[in-house]
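Reading through the structure tokens given below for one structure.
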Amino acid sequence: MGMDVPVIAIDGPSGSGKGTIARLLAERLGWQLLDSGAMYRVLGLAATRRDMALDDERALTELAQDLDVSFEVDEAGEQRVVLDGDDVSTAIRTEEAGNAASKVAVLPAVRKALLERQRAFRRAPGLVADGRDMGTVVFPDAPCKIYLTASVEERARRRYNQLNQQGLGGNLSALLKDIAERDRRDSSRSVAPLRPAEDATILDTTGIAVDEVLERVLEAAEARLRFEH
Ligand code: C5P
């Protein structure tokens, strides 16, 4: 479906800045945006709310298939995530939801169930897809693949600031531990582990401001997709 629609795949670990960069890039280009982490987060949240075991692959796969979730854009242009008619945009950003997401994300059948939902975002004029396996598994034919990374300390600091801005609060040393643990789980799982695609452009964003990262990503995209920004 939509194989001729260009995709910019942006992968990397938590806190590497890919969410922010993907959003800005999609805005700048007027393209669709897929926040695939939000799908895993919604599933983690839905499972937690139903008191399900986060390793029950069959039940979680069924839940993933039937999940009543939609991604909408509000008047302010912000993306809203709606689960069972309930706006969960903030609820899915907590560390608990992130940890639940990373647990359900290790289950192969769950990943498979979410695959087509993710591919359905590929619509004209183009798609910016943000995640862990966008370039390796979901859109392996993407003409442009970017892998963003940063030191664990910097990523924990960014997450801390982000949580504070959203009024969710956080503890820096707990976040550092969480992120390191999440990295370990995401990189060591057997299906779609976190790693750069062979043809990805790798960008270390430690100490680099958002504007500058966006500029570099646009340059890489321009070179691969032959457009000018
Ligand atoms: O990017 P974000 O922090 O929202 O992702 C939450 C979790 O969802 C990640 O830690 C990862 O385990 C999982 N995830 C994934 N594959 C993706 C996106 C997210 O496994 N494409």
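Order of appearance sets the numbers: ligands from 1, and atoms from 1 within every ligand. None of these values were measured; they are calculated from a predicted model.
- No side-chain donor-acceptor contact under 3.5 Å links R111 to the backbone of A192.
- Within ligand 1, the atoms closer than 4.0 Å to a non-hydrogen atom of D186 are 9 (C), 10 (O), 11 (C), 12 (O), numbered from 1 in the order shown.
- Within the 4.0 Å heavy-atom shell around ligand 1 one does not find E181.
- Contact annotation for K18 and ligand 1: only side-chain heavy atoms (C-beta onward) come within less than 4.0 Å of the ligand.
- Side-chain atoms of T205 come within 3.5 Å of backbone atoms of S16 as a donor-acceptor pair (strictly under, hydrogens ignored).
- Every atom of ligand 1 with a heavy atom of R159 under 4.0 Å away is listed here by number and element: 3 (O).
- Within the structure, the closest approach of R185 to ligand 1 does not fall below 4.0 Å when heavy atoms are considered.
- The closest side-chain donor-acceptor pair between S102 and R185 falls under 3.5 angstrom.
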**Message:** I'd like to know whether D211 forms a salt bridge (charged side-chain N to carboxylate O under 4.0 Å, His left out) with R28, so could you lay out the CA-CA distance, the side-chain angles of the two residues, the decisive distance to 0.1 Å, and finally the verdict.
**Reply:** CA-CA 12 Å; D211 289 2; R28 178 82 81 97; over 6 Å; no
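- For S14 and R132, the side-chain atoms include at least one donor-acceptor pair closer than 3.5 Å.
- Evaluated by nearest non-hydrogen atom to atom 3 (O) of ligand 1, the leading choice among R93, R41, E95, R111 is R41.
- Counting the atoms of ligand 1 from 1 in the order shown, those under 4.0 Å from a heavy atom of A105 are 12 (O), 13 (C), 20 (O).
- Atom 19 (C) of ligand 1 has as its closest protein heavy atom G37 CA, 3.5 Å.
- Between the side chain of D11 and the main chain of D133, a donor-acceptor pair closer than 3.5 Å is present.
- Polar contact with ligand 1: absent for D35 (N/O pair, distance under 3.5 Å).
- Remark: the backbone N or O of G15 is paired with a side-chain donor or acceptor of R158 at under 3.5 angstrom.
- Interface atoms of ligand 1 facing A101, defined by a heavy-atom separation under 4.0 Å, are 6 (C), 7 (C), 8 (O).
- Heavy-atom contacts of M134 reach the following atoms of ligand 1: 21 (N) (cutoff under 4.0 Å).
- With rounding to the nearest 0.5 Å, the separation of CG in L194 from CZ in R182 is 11.5 Å.
- Residue-to-ligand polar distances keep Y40 apart from ligand 1: every N/O pair is separated by 3.5 Å or more.
- Atom 18 (C) of ligand 1 has its closest protein heavy atom at S36 OG, 3.5 Å.
- Counting heavy atoms under 4.0 Å from ligand 1, residue R132 touches it through both backbone and side chain.
- A distance of 9.5 Å separates CD of Q79 from CZ of R23, quoted to the nearest 0.5 Å.
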